[in-house]
Amino acid sequence: MKRFERSALRTAVGVEWAGFLLAGAEGPSMNGSRAVVFALLCCFALVSGVAVHAQTGGESTMSVTGDNGTAEYLAPPSSAVDRSESATATLDVAGAVGDNAIELQTTYQRVNFQRAYRNAESDTERRMVLRNAATWYSERTDRLERRQRTAIRQYGDGEIGSQELFRTLAAVDRGAAAMESNVGWFENNADDLGMSGVRTQLNTDRVRLLTLQSPLGSTLESAFEGKRTLTVHTEVSDNATVLATVETDTNGGQTYLREAHDPSARSIGVPDTYDGDLSPALDRIETLYPWVTDNGSPTVDFLGPDRARLYRFEYDHPHGTLRTYLDGGSEDIVTEIQRNDPEAVPTDTVETVDGDLLLRVNTTRAGGPLGVTVLNETSGEPVAAAVGVNGREVGNTDGGRVWTVGPRGTVTVNATHDGRSLSITTTLQ
């Protein structure tokens, strides 16, 4: 693809977060409406102004690394990985119910705030409602961040298992998405009333909520509801996470999905190094992702106010897509999402033969795509075989290739066809 010119990037950039006009329920009467306003004013502390939380990350837990001939990726050094394993997300009624409860609670609170605002009789009352709403959104965002970090720490320490970690990550994703989707209504009204401090806080929290969302969240929810079985490779390092899986669409196509999140790279209350200028931000991305930037064209925008700004870069490249978020204060990557066609990614090949059966394993790296094919060694035609990795069933070749995510360390791949089994052991780092 042809790369965008820098001048075109400056012209085309769109500043995110246009407000969402969300309709709220109207009160049955003026008396009832006044009661709602009064209750809200009593439930929340009266504040004269709203301050943006100062939050600066320490040294980043992860960095961008790369393999020759494919997209670079955000990852912790292998020596810093606290826990690494592949596990299956399965039916989980508690997880599904918990996700719905968070969304309902968020919707209920949003409607109450909007009703109180619409029924307020003066700008003073309206400002009060907006201050209280901003405080509520900020506190709820804090709680979601703490909940996520606590679960990651507990998982890394071996205190909880994969299913509980998945449940928490899915719940945080659902809550963050619900809040982020409607906070713009309050932000727009704060702007109309000249409440720049409140607007800045809401805008900051909107970006914080964005980085709490997970592309795997809805997929995990469908697994909790029993609609699919999902195998996820998980790695944690301090409070940073990497999740990877292979999704199969209704046509049988397979996509390698990987997301990495490093909260230590996030800076809030720190001036934007790039000052809203896309050119030096793009220079930084080109340094971090040389293969991607040499082989793709970006879509770029920036999100949030000066002291909480993220730069979002999206690339289409020959192996798939990359979306990455650069922190304007730390100049490091906070969140990265990759979707790749595993058939297009360069791999190494190991094989073994037993009689007329050949087992072929295509490998990349720990946490990367791993493909398994079983062939008739004489004819070269693929045959159907059940495949397992380190004793865990991952699927059936169905006369083609089955893709999964390669574990870290020693990897044993088994394939069984017509009662006959073949095995290969290799190591992935």
Could you check whether any side-chain N or O of [X] sits under 3.5 Å from a backbone N or O of [Y], counting only pairs where one atom can act as donor and the other as acceptor?
X	Y	result
Asp306	Asp272	yes
Thr168	Glu164	yes
Thr397	Ala385	yes
Thr273	Gly328	yes
Ser138	Ala134	no
Ser264	Thr61	yes
Asp332	Ser60	no
Thr245	Thr231	yes
Asp398	Gly400	no
Asn376	Gly380	no

Can you spot which of Asp301, Thr335, Thr299 makes a side-chain hydrogen bond (donor to acceptor under 3.5 Å, both in side chains) with Arg312?
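One option only clears the test, and that one is Asp301.
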Do the side-chain N and O atoms of [X] and [Y] include a donor-acceptor pair separated by under 3.5 angstrom?
X	Y	result
Gln105	Glu103	no
Arg115	Asn112	yes
Asn414	Ser423	yes
Gln114	Arg110	yes
Glu180	Gln213	yes
Asp142	Tyr137	no
Thr425	Thr412	yes
Tyr256	Gln338	no
Glu286	Thr293	no
Ser214	Glu259	yes
Arg149	Gln154	no
Ser78	Gln429	no
Ser421	Thr416	yes

So do [Y] and [X] actually touch side chain to side chain, heavy atoms under 4.5 Å?
X	Y	value
Met179	Leu144	yes
Thr324	Val64	no
Glu351	Thr349	yes
Thr255	Val246	no

Would Trp185 and Phe113 count as a close aromatic pair, with their ring centres under 6.0 Å?
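Trp185 vs Phe113: aromatic centres not under 6.0 Å.
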Is it true that Tyr325 and Tyr311 have ring centroids separated by less than 6.0 Å?
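Centroid distance Tyr325-Tyr311: not below 6.0 Å, so no.
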Spacing of [X] atom [atom1] and [Y] atom [atom2] [to the nearest 0.5 Å]:
X	Y	atom1	atom2	answer
Gln148	Asp173	CD	CG	9.5 Å
Ile285	Leu278	CD1	CG	11.0 Å
Leu326	Glu331	CG	CD	7.5 Å
Ser181	Leu209	OG	CG	9.5 Å
Thr219	Leu257	OG1	CG	7.0 Å
Leu322	His317	CG	NE2	6.0 Å

Of all the heavy-atom pairs spanning [X] and [Y], show the shortest one and how long it is.
X	Y	result
Ala89	Gln163	CA-OE1, 3.5 Å
Pro76	Ser237	CB-CB, 3.7 Å
Ala344	Pro318	CB-O, 4.1 Å
Asn239	Ile152	O-CD1, 3.6 Å
Val383	His417	CB-CE1, 4.0 Å
Pro215	Arg339	CB-NH2, 3.8 Å

Describe, in one word, how the ring planes of Trp291 and His319 are oriented to each other, choosing from parallel (under 30°), tilted (30 to 60°) and perpendicular (over 60°).
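Taking His319 first and then Trp291, their aromatic rings lie parallel (interplane angle under 30°).
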What verdict does the side-chain contact (heavy atoms from CB on, under 4.5 Å) test give for Arg360 and Val372, after you've listed the backbone C-alpha separation in whole Å, the side-chain angles of each residue and the deciding distance to 0.1 Å?
CA-CA 6 Å; Arg360 177 178 297 156; Val372 182; over 6 Å; no
Working note: Asp205 + Val183, criterion side-chain contact (heavy atoms from CB on, under 4.5 Å); need CA distance, chi angles, decisive distance, verdict.
CA-CA 9 Å; Asp205 289 334; Val183 71; 5.8 Å; no
I'd like to know if Asp327 and Arg284 make a salt bridge, using a cut-off of under 4.0 Å between side-chain N and carboxylate O.
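Salt bridge absent between Asp327 and Arg284.
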Between Arg401 and Glu343, does any side-chain N to carboxylate O distance fall below 4.0 Å?
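A salt bridge links Arg401 with Glu343.
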Name the residue from Asn362, Thr364, Thr363 that meets the side chain to side chain contact (heavy atoms under 4.5 Å, CB included) definition with Asp348.
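The passing option is Thr363.
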Can Arg83 be said to sit on top of Tyr155's aromatic six-ring, NZ or CZ under 6.0 Å from centre and within 45° of the ring axis?
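Geometry flag: set, cation within 6.0 Å and 45°.
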Within a reach of under 6.0 Å around CD of Glu393, are more than 12 heavy atoms found that belong to other residues, nucleotides or ligands?
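Result for CD/Glu393: open.
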Kindly check if the number of other-residue, nucleotide or ligand heavy atoms within 6.0 Å of CZ (Arg420) is above 12?
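Enclosed: over 12 neighbouring heavy atoms sit under 6.0 Å from CZ of Arg420.
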Please test Val389 against Thr404 for side-chain contact (heavy atoms from CB on, under 4.5 Å), starting from the C-alpha separation and ending with a verdict.
CA-CA 9 Å; Val389 176; Thr404 187; 4.2 Å; yes
Run the side-chain contact (heavy atoms from CB on, under 4.5 Å) test on Glu381 and Leu375 for me, step by step, so that the C-alpha distance in whole Å, both residues' side-chain angles and the decisive distance to 0.1 Å come before the verdict.
CA-CA 5 Å; Glu381 293 296 318; Leu375 305 171; over 6 Å; no
Using salt bridge (Lys or Arg N to Asp or Glu O under 4.0 Å), reason through Arg408 and Glu85 one step at a time and then give a plain yes or no.
CA-CA 7 Å; Arg408 183 174 295 277; Glu85 66 178 355; over 6 Å; no
Where do Arg208 and Glu145 land on the salt bridge (Lys or Arg N to Asp or Glu O under 4.0 Å) test, with the steps shown first?
CA-CA 9 Å; Arg208 293 170 64 201; Glu145 287 182 338; 2.8 Å; yes
